[in-house]
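As the structure lists them, so they are numbered: ligands from 1, and atoms in each ligand from 1.
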Amino acid sequence: MTKYHNWFLQINRANDPASLTEMEQKHIPVLKTPEKLTAGKPFLLEVSVGRIQHPVENDHYIQFIDLYVGEVYLTRLTFTPVVLLPQATLSVNLKQSGLLRAVSRCNLHGQWEGTLDLHLAEEPPPHLKS
Ligand SMILES: [Fe+2]
């Protein structure tokens, strides 16, 4: 068995989410939303790469982050080395709950997935709104 590991042959995920390796901490996307979400009501989604800052150098950087809810593609965020940190805030409007998935790609260390379960409360019927 070879010692060489090819990061590009799969989507890399945390082996143990409770105890991330340094490589996982630098590459797995981090997703944040407000605590309370309502179906059909826009909210701000913060996306970034790494609990530890990933390099933003010409020869080592995050090329993009793809976002999905379940199997539904949302967008691709593309980053230029040196001048752009791999982070963004998006306004999102969803009608139903689902698994939010972010897949980032480092030019040296391949694709990494981070997820967040989104639980959206049903919007109250119009006659119950204040
Ligand atoms: Fe990297």
Checking side chain to side chain contact (heavy atoms under 4.5 Å, CB included) against T33, which of L44, V92, L116 comes through?
-> L116

Paired with M23, the side chain to side chain contact (heavy atoms under 4.5 Å, CB included) test is passed by just one of Q25, K26, H27, namely H27

Could you pull out the atom name of the N/O/S atom in [X] that is nearest the Fe ion (ligand 1)?
X	result
H54	NE2
H109	ND1
H27	NE2

Taking everything shown except E122 itself, do over 12 heavy atoms lie less than 6.0 Å from its CD?
-> no

Hey, is CD on Q10 packed in by over 12 heavy atoms from elsewhere, all under 6.0 Å?
-> yes

